[in-house]
K.L.:
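I am attaching a structure below and will ask some questions about it afterwards.
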Amino acid sequence: MKVITQIIIFTLLASCSLLRTNISSIESADNLFLCFPDTDLEYSSLELNEKLSVQKQIFQEKQRRQLQCDNYENYAGAEKNLDRINEEELRSKLGKCPKREFCTYK
């Protein structure tokens, strides 16, 4: 039940952060974006060299704010759980089973 709650919370936060971009003003960006910039749709669509430039600005802003992303550990855990669930769902749809594991898909 706790995992489901974390997934729901993460999904809501991620969807809210997708509604506006934080790249235009790193100084006014929220802490969640600074810790997880991939939640921003515009950031995700940038080229590698542009991402590096934004990452430098994010790093400087995190230092200025003395931001510790450890406070968002639960969100990172929810993201990993969601990735694991999506991977399992994909395996189920493809009918693939990991080696050395017994699994049955309906």
Side-chain angles (χ1 to χ4, degrees):
M1 190 66 167
K2 184 178 178 183
V3 173
I4 293 171
T5 304
Q6 288 178 344
I7 290 171
I8 291 171
I9 290 172
F10 176 76
T11 305
L12 287 173
L13 289 173
S15 65
C16 291
S17 68
L18 291 174
L19 296 177
R20 69 176 191 88
T21 184
N22 291 288
I23 292 177
S24 57
S25 178
I26 300 293
E27 293 80 26
S28 64
D30 58 357
N31 292 346
L32 185 64
F33 168 74
L34 295 177
C35 289
F36 302 103
D38 289 325
T39 60
D40 188 287
L41 194 56
E42 187 176 342
Y43 174 84
S44 297
S45 65
L46 293 176
E47 295 293 323
L48 181 60
N49 59 345
E50 295 168 324
K51 281 185 180 181
L52 290 174
S53 174
V54 172
Q55 278 291 343
K56 181 179 178 183
Q57 294 173 2
I58 288 172
F59 177 75
Q60 291 170 344
E61 184 62 20
K62 284 168 64 175
Q63 281 189 323
R64 188 184 70 75
R65 294 186 195 184
Q66 298 178 341
L67 179 62
Q68 299 295 321
C69 291
D70 298 340
N71 300 335
Y72 294 102
E73 235 174 58
N74 288 339
Y75 302 119
E79 183 177 18
K80 288 176 187 173
N81 285 333
L82 186 59
D83 288 344
R84 185 185 51 76
I85 290 168
N86 287 337
E87 183 179 316
E88 181 64 28
E89 184 67 24
L90 179 63
R91 271 194 254 142
S92 172
K93 288 180 180 178
L94 294 174
K96 292 186 176 180
C97 205
K99 293 181 180 177
R100 298 188 186 122
E101 280 188 33
F102 176 76
C103 48
T104 56
Y105 295 118
K106 297 176 183 175

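Because only heavy atoms are used, hydrogens play no part in the values below, and waters and symmetry mates are left out as well, while side chains stay in. Remember, it's a predicted structure, so these values are computed and weren't measured experimentally.
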K.L.:
What pair of heavy atoms forms the shortest contact from Arg65 to Ser28, and how long is it?
P.N.:
NH2-C, 4.1 Å

K.L.:
If you measure from CG on Leu34 to CD on Glu27, what distance do you get to the nearest 0.5 Å?
P.N.:
10.0 Å

K.L.:
Roughly how far apart are Ile58 CD1 and Gln63 CD, rounded to 0.5 Å?
P.N.:
13.0 Å

K.L.:
To the nearest 0.5 Å, what is the distance between CG (Leu48) and OG (Ser53)?
P.N.:
11.5 Å

K.L.:
Please report the shortest heavy-atom distance between Lys51 and Ser44, naming the atom on each side.
P.N.:
NZ-O, 3.6 Å

K.L.:
For the side chain to side chain contact (heavy atoms under 4.5 Å, CB included) test, which of Glu61, Gln60, Lys56 pairs with Ile26?
P.N.:
Glu61

